[in-house]
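The structure under discussion appears below in the form of structure tokens.
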Amino acid sequence: MSSAVFGMHNFRIPGQAPKDVADLLPDEARAKLIALRDERDDLLATTRSATDSYMAAVKLKQECEQRVRELTDHNVAARYGTEIQPEESNPVKVARAELALALDEVKRITEKRDARNHRWNHVANIVQSAERYLSSVSEPLAPFTGTVKKPANLDAARKTIDSLRADRQQVQAAPIPSAKVKQAIRSQVDALAEQGRPNLFGAVEYGAPVGWPKTLLTIPSSGLMLNDERRTSMIGNARTELVDTMALFAWVHRDALLAALDKELTEVADDDAALDDATRAKKLEQIGEALLDAERADCALVAAGNDTMAYRIDTDPRALLGIVGPAGKDD
């Protein structure tokens, strides 16, 4: 692979995890991830600065509120040794004007702080998603060199993505064919019936009682133990062995049980909408490929606008970084 694709940071000992997951990326993608990290860290610093300004503004507001109370509240004035002033007096007007300014400043800084915090949180989540994806792969990744078909605008791109995600959800939620469910039911009933088969070997060999199928019943229990005026809570389990009547029933009435389950299955099955495993996997693969292409187009439009906030919070890291790699665990 040419050095134009992979730099020295991609060199590592086989089988050894890189010190930084960014080292799995080709140069351009690595630079983008590092730039996003820098933006995240810069936003965190400004968020902390805004928080300091907010605390100072709140303190000033509280001081202004206290000054107003000292001039208008008899109890507060008595406590602090100040004289009550009429509302129309100049000291009260000045105090209330200063309080109004302090309240406006708190509101302004709060909005500024919240906006910065929102931006930091957005970028931090995008970086975290990319790093989580990179942590799931084990080999260096190649750059995407295909063609991205850009839609008319960002809204059109988002509509395509939302539509494809809805299609994927519909395929994932499609019911299972009744024939496959029927096979699974038979396997479960057969296993249960076999579990419920009585053991007559001892009865035949030496006249022992019938060996009925058994199951262990566990009952959570709790209580208090009194000892020399001390109470100690006791938490444990009570266990007892019982005849497994459900398994025994399946052994005796296997055919009737299967017939009843088949009838119930006919009532609830939806074979018109059902998908077998192969068809479901094929459809999900096709939708996944189309969705990745749509997200690449979306990211290309966002990159052209140079606004990190425009990236979707759930953007596919492969589209974000312009790389080729396996689908993530959430895809």
Step by step, work out the side chain to side chain contact (heavy atoms under 4.5 Å, CB included) result for I323 and L25. CA-CA 8 Å; I323 55 175; L25 295 169; 3.9 Å; yes
Would the number of heavy atoms belonging to other residues, nucleotides or ligands and lying under 6.0 Å from CE of M55 be above 12? no
With rounding to the nearest 0.5 angstrom, report the CG to CG distance, L217 to L242. 5.5 Å
Regarding E87 and R96, does a basic nitrogen lie under 4.0 Å from an acidic carboxylate oxygen? yes
Could you check whether R296 pairs with D316 (Lys NZ or Arg NE/NH1/NH2 to Asp/Glu carboxylate O, under 4.0 Å)? no
Could you tell me the separation between the CG atom of L44 and the CZ atom of R116, rounded to the nearest 0.5 Å? 12.0 Å
Hydrophobic cluster membership, with links at side-chain heavy-atom distances under 4.5 Å among I/L/V/M/F/W/Y: are L248 and F201 in one? no
Look at the side-chain heavy atoms of Ile, Leu, Val, Met, Phe, Trp and Tyr, link any pair under 4.5 Å apart, and say whether I34 and L320 land in one connected group. no
By the salt bridge (Lys or Arg N to Asp or Glu O under 4.0 Å) test, which pairs, at least two apart or in different chains, include something from residues 260-272? R186-D262
Hydrophobic cluster mates of L292, side-chain heavy atoms under 4.5 angstrom, ILVMFWY only, any path? none
Taking atom CD of Q169 as the centre, report whether more than 12 heavy atoms of other residues, nucleotides or ligands fall under 6.0 Å from it. no
For D73, which residues count as a salt bridge (charged side-chain N to carboxylate O under 4.0 Å, His left out) partner, sequence neighbours excluded? none
Could you list who else is in V92's hydrophobic cluster, with ILVMFWY side chains joined at under 4.5 Å, directly or through other members? L71
Show me the pairs that pass ring pair (Phe, Tyr, Trp, His ring centres under 6.0 Å) and involve residues 52-92, at least two apart or across chains. none
Would a 4.5 Å heavy-atom cut-off, applied to side chains only, mark L164 and R168 as touching? no
Can you give the donor-acceptor pairs under 3.5 Å from side chains of residues 106-115 to other protein atoms, not counting sequence neighbours?
{"from": "R108", "atom 1": "NE", "to": "E105", "atom 2": "OE1", "distance (Å)": "3.2"}
{"from": "R108", "atom 1": "NH2", "to": "E105", "atom 2": "OE2", "distance (Å)": "2.8"}
{"from": "T110", "atom 1": "OG1", "to": "V106", "atom 2": "O", "distance (Å)": "2.6"}

With K61 via salt bridge (charged side-chain N to carboxylate O under 4.0 Å, His left out) - residues at least two apart: E65
Evaluate K180 against D276 for side chain to side chain contact (heavy atoms under 4.5 Å, CB included), listing each step before the verdict. CA-CA 8 Å; K180 182 177 181 179; D276 59 58; over 6 Å; no
Determine, step by step, whether L141 and L321 satisfy the side chain to side chain contact (heavy atoms under 4.5 Å, CB included) criterion, reporting the C-alpha distance in whole Å, the side-chain angles of both residues, the deciding distance to 0.1 Å, and the verdict. CA-CA 11 Å; L141 300 165; L321 298 173; over 6 Å; no
Is it true that, when you exclude I176 itself, more than 12 heavy atoms of the residues, nucleotides or ligands shown sit nearer than 6.0 Å to its CD1? no
L265 and V181, any side-chain heavy atoms less than 4.5 Å apart: yes
Closest non-hydrogen atoms of Q85 and S89, given as atom of the first, atom of the second and distance, are CB-OG, 3.3 Å
Atom CD1 in I219, atom OG1 in T240: separation rounded to 0.5 Å? 7.5 Å
Closest non-hydrogen atom pair between V302 and D307, with its separation: CG1-O, 3.4 Å
Could you check whether any side-chain heavy atom of V171 comes within less than 4.5 Å of a side-chain heavy atom of T279, counting everything from C-beta outward? no
Please walk me through it: do I84 and T72 pass side chain to side chain contact (heavy atoms under 4.5 Å, CB included)? CA-CA 5 Å; I84 293 296; T72 60; 5.6 Å; no
Would you give me the side-chain donor-acceptor pairs under 3.5 Å for residues 146-161, sequence neighbours excluded?
{"from": "N153", "atom 1": "OD1", "to": "D155", "atom 2": "N", "distance (Å)": "3.2"}
{"from": "N153", "atom 1": "OD1", "to": "A156", "atom 2": "N", "distance (Å)": "2.8"}
{"from": "R158", "atom 1": "NE", "to": "D298", "atom 2": "OD1", "distance (Å)": "2.5"}
{"from": "R158", "atom 1": "NH2", "to": "D298", "atom 2": "OD1", "distance (Å)": "3.4"}
{"from": "R158", "atom 1": "NH2", "to": "D298", "atom 2": "OD2", "distance (Å)": "3.4"}
{"from": "R158", "atom 1": "NH2", "to": "A310", "atom 2": "O", "distance (Å)": "2.6"}
{"from": "T160", "atom 1": "OG1", "to": "A156", "atom 2": "O", "distance (Å)": "3.1"}

Apply the hydrophobic cluster definition, ILVMFWY joined by side-chain contacts under 4.5 Å directly or through others, and give me every member besides V68. L99, L103
Run through H122, R119, E39, R40 and flag the one making a side-chain hydrogen bond (donor to acceptor under 3.5 Å, both in side chains) with T308. E39
What are the two closest heavy atoms between P213 and P198, and how far apart are they? CD-CA, 4.4 Å
Within 6.0 angstrom of Q62 CD, more than 12 heavy atoms from elsewhere: yes
Could you point out which residue of R318, R165, R312 forms a salt bridge (Lys or Arg N to Asp or Glu O under 4.0 Å) with E295? R165
Between E241 and T215: side-chain donor-acceptor atoms closer than 3.5 Å: no
CG/N306: more than 12 non-hydrogen atoms of other groups inside 6.0 Å: no
Checking S53 side chain against S49 main chain: does a donor-acceptor pair fall under 3.5 Å? yes
For the residue pair E70 and Q66, confirm or rule out a side-chain donor-acceptor distance under 3.5 Å. yes
With a 4.5 Å cut-off on side-chain heavy-atom distances among I, L, V, M, F, W and Y, is there a chain of contacts connecting Y133 to F144? no
Can you tell if the side chain of V137 reaches within under 4.5 Å of the side chain of P326, non-hydrogen atoms only? yes
Charged N to carboxylate O below 4.0 Å: is that the case for K283 and D167? no
Ring pair (Phe, Tyr, Trp, His ring centres under 6.0 Å): pairs with one or both residues in residues 248-270, sequence neighbours excluded: F249-H253
Nearest atoms (heavy-atom pairs only) where A273 meets P175: O-CD, 3.6 Å
For E98 and C64, which heavy atoms make the closest approach, and how far apart are they? O-SG, 3.8 Å
Assigning hydrophobic clusters by single linkage (Ile, Leu, Val, Met, Phe, Trp, Tyr; side-chain heavy-atom cutoff under 4.5 Å), is L33 placed with L43? yes
Validation row: R239, N237 side chains within 4.5 angstrom (heavy atoms): yes
Do V324 and L134 share a hydrophobic cluster, counting only Ile, Leu, Val, Met, Phe, Trp and Tyr and linking them when any side-chain heavy atoms are less than 4.5 Å apart? no
Listed once per pair and sorted, the side chain to side chain donor-acceptor pair (under 3.5 Å) pairs that draw on residues 191-212, sequence neighbours left out: E194-R197, Q195-D244
How does the hydrophobic cluster around M246 look, that is, which other residues are in it when side-chain heavy atoms under 4.5 Å mark a link? L192
If you take all heavy atoms of A142 and P26, which pair is closest and at what distance? C-CG, 4.1 Å
So, does S135 use its side chain to make a donor-acceptor pair with the main chain of E131 at under 3.5 Å? yes
